[in-house]
Q: 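Handing you a structure now.
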Amino acid sequence: QSYDASKLSEEEIADVKANLETMVAGTFLAGECVEEDETYGSFETYVDILMVAGEKSKVIPYVIASMIIQEQGRNGTGKSISGTVEGYEGYYNFLNINAYKSGNLSAVQKGLEYAKSREWNTKTKSIIEGAVYYGEGYVAVGQDTMYLKKFDLVGTLYTHQYMTNIQ
């Protein structure tokens, strides 16, 4: 899942982007995401945001896109990215980080509470900084396959899993 854009030629990066566009075709990630972010600048498409997310997180953009589609659905109907959840208007959590039911909070509310604490008030910030969270916290420490992400066999067994596994 590792990715180092600094080691790729412009042609190789263009190939990654073209393959990413093919991969997300037919999903909401193929669409526009016209947004101005004070930290990361302006973007026109989700693919452009995913390319920057890959560069900054050191995670191949295909993995980031796959995770978002898994969490938010092909049509992007997940409530964590609507920006309209009461009490969390204008906040986004594309990767559903820290999204689990706790006390009186639903999983969506808990995830958006996390997003609010990180000031993920743009889609751009949520995608890029969520990818960095995953890259630094999982890929960089050796949980760099889908299996190791779900079934932590690195370090202390089963204590650092990315997603809930009820088995």
Side-chain angles (χ1 to χ4, degrees), residues 1-78 80-83 90-99 111-112 114-155 160-163:
Q1 296 182 10
S2 297
Y3 176 73
D4 190 347
S6 69
K7 293 183 179 179
L8 301 178
S9 68
E10 286 182 27
E11 183 177 293
E12 290 169 319
I13 290 172
D15 286 344
V16 170
K17 185 175 180 178
N19 290 333
L20 181 61
E21 288 170 342
T22 299
M23 179 190 154
V24 301
T27 75
F28 80 100
L29 291 176
E32 290 184 349
C33 184
V34 178
E35 189 170 69
E36 178 73 34
D37 181 87
E38 70 276 2
T39 305
Y40 299 104
S42 13
F43 292 89
E44 298 290 323
T45 68
Y46 282 108
V47 168
D48 291 334
I49 297 169
L50 289 164
M51 291 299 293
V52 172
E55 180 183 335
K56 294 199 176 295
S57 67
K58 306 272 190 226
V59 176
I60 187 102
Y62 313 137
V63 169
I64 301 164
S66 295
M67 291 170 66
I68 291 170
I69 292 167
Q70 173 70 31
E71 294 294 335
Q72 306 306 328
R74 294 182 58 76
N75 296 324
T77 56
S80 319
I81 64 171
S82 70
Y91 290 95
Y92 306 89
N93 192 338
F94 273 71
L95 294 174
N96 277 341
I97 296 170
N98 209 39
L112 288 172
Y114 182 86
K116 192 172 185 176
S117 74
R118 300 298 185 275
E119 297 183 18
W120 290 351
N121 56 357
T122 65
K123 295 172 183 182
T124 300
K125 217 176 275 174
S126 172
I127 293 169
I128 293 173
E129 293 181 12
V132 168
Y133 168 91
Y134 177 67
E136 290 175 353
Y138 292 85
V139 175
V141 300
Q143 287 177 264
D144 57 354
T145 68
M146 297 305 236
Y147 184 86
L148 292 175
K149 172 172 91 170
K150 189 166 185 171
F151 302 102
D152 176 24
L153 303 174
V154 177
H160 192 248
Q161 296 169 196
Y162 182 78
M163 58 189 111

Q: State which residues pass salt bridge (Lys or Arg N to Asp or Glu O under 4.0 Å) with Lys123; sequence neighbours excluded, sorted by chain then number.
A: none
Q: Would you please name every residue forming a side-chain contact (heavy atoms from CB on, under 4.5 Å) with Gln72, sequence neighbours left out?
A: Phe28, Ile68, Ser80, Ile81, Asn96
Q: How would you list, by chain and number, every residue that makes a side-chain contact (heavy atoms from CB on, under 4.5 Å) with Lys125, sequence neighbours excluded?
A: Asp37, Glu38, Thr39, Tyr40, Trp120, Asn121, Thr122, Glu129
Q: Just to verify, what does Glu119 make a side-chain hydrogen bond (donor to acceptor under 3.5 Å, both in side chains) with, not counting sequence neighbours?
A: none
Q: Starting from the C-alpha separation in whole Å, work towards a yes-or-no answer on side-chain hydrogen bond (donor to acceptor under 3.5 Å, both in side chains) for Asn75 and Thr77.
A: CA-CA 6 Å; Asn75 296 324; Thr77 56; 5.9 Å; no
Q: What pairs with Thr27 under side-chain hydrogen bond (donor to acceptor under 3.5 Å, both in side chains), at least two apart in sequence or on another chain?
A: none
Q: Please name all residues satisfying salt bridge (Lys or Arg N to Asp or Glu O under 4.0 Å) with Glu36, sequence neighbours left out, ordered by chain then number.
A: none
Q: With sequence neighbours excluded, what pairs up with Tyr62 under the ring-ring contact (aromatic ring centres under 6.0 Å, His included) test?
A: none
Q: Please work out which of the three classes, parallel, tilted or perpendicular, describes the rings of Tyr114 and Tyr133, given edges at 30° and 60°.
A: perpendicular
Q: I need the minimum non-hydrogen distance between Glu12 and Lys7, along with the two atoms involved.
A: OE1-O, 4.2 Å
Q: Measuring from atom OG of Ser126 to atom OH of Tyr91, what distance do you get when rounded to the nearest 0.5 angstrom?
A: 12.5 Å
Q: With sequence neighbours excluded, what pairs up with Ser2 under the side-chain hydrogen bond (donor to acceptor under 3.5 Å, both in side chains) test?
A: none
Q: May I ask you to decide if the ring planes of Tyr134 and Tyr138 are parallel, tilted or perpendicular, using 30° and 60° as cut-offs?
A: parallel
Q: Under the side-chain hydrogen bond (donor to acceptor under 3.5 Å, both in side chains) test, which residues partner Thr124, sequence neighbours left out?
A: Glu35
Q: State the CE-CD1 distance between Met51 and Ile13, to the nearest 0.5 angstrom.
A: 6.5 Å
Q: Taking only residues two or more places apart in sequence or in another chain, which ones pass salt bridge (Lys or Arg N to Asp or Glu O under 4.0 Å) with Lys56?
A: none
Q: Who passes side-chain contact (heavy atoms from CB on, under 4.5 Å) against Asp48, sequence neighbours left out?
A: Lys17, Phe43, Glu44, Thr45
Q: Run the side-chain donor-acceptor check on residues 18-25: report pairs under 3.5 Å with partners two or more places apart or on a different chain.
A:
{"unit_1": "Asn19", "atom_1": "ND2", "unit_2": "Asp15", "atom_2": "O", "d": "3.2"}
{"unit_1": "Thr22", "atom_1": "OG1", "unit_2": "Ala18", "atom_2": "O", "d": "3.2"}

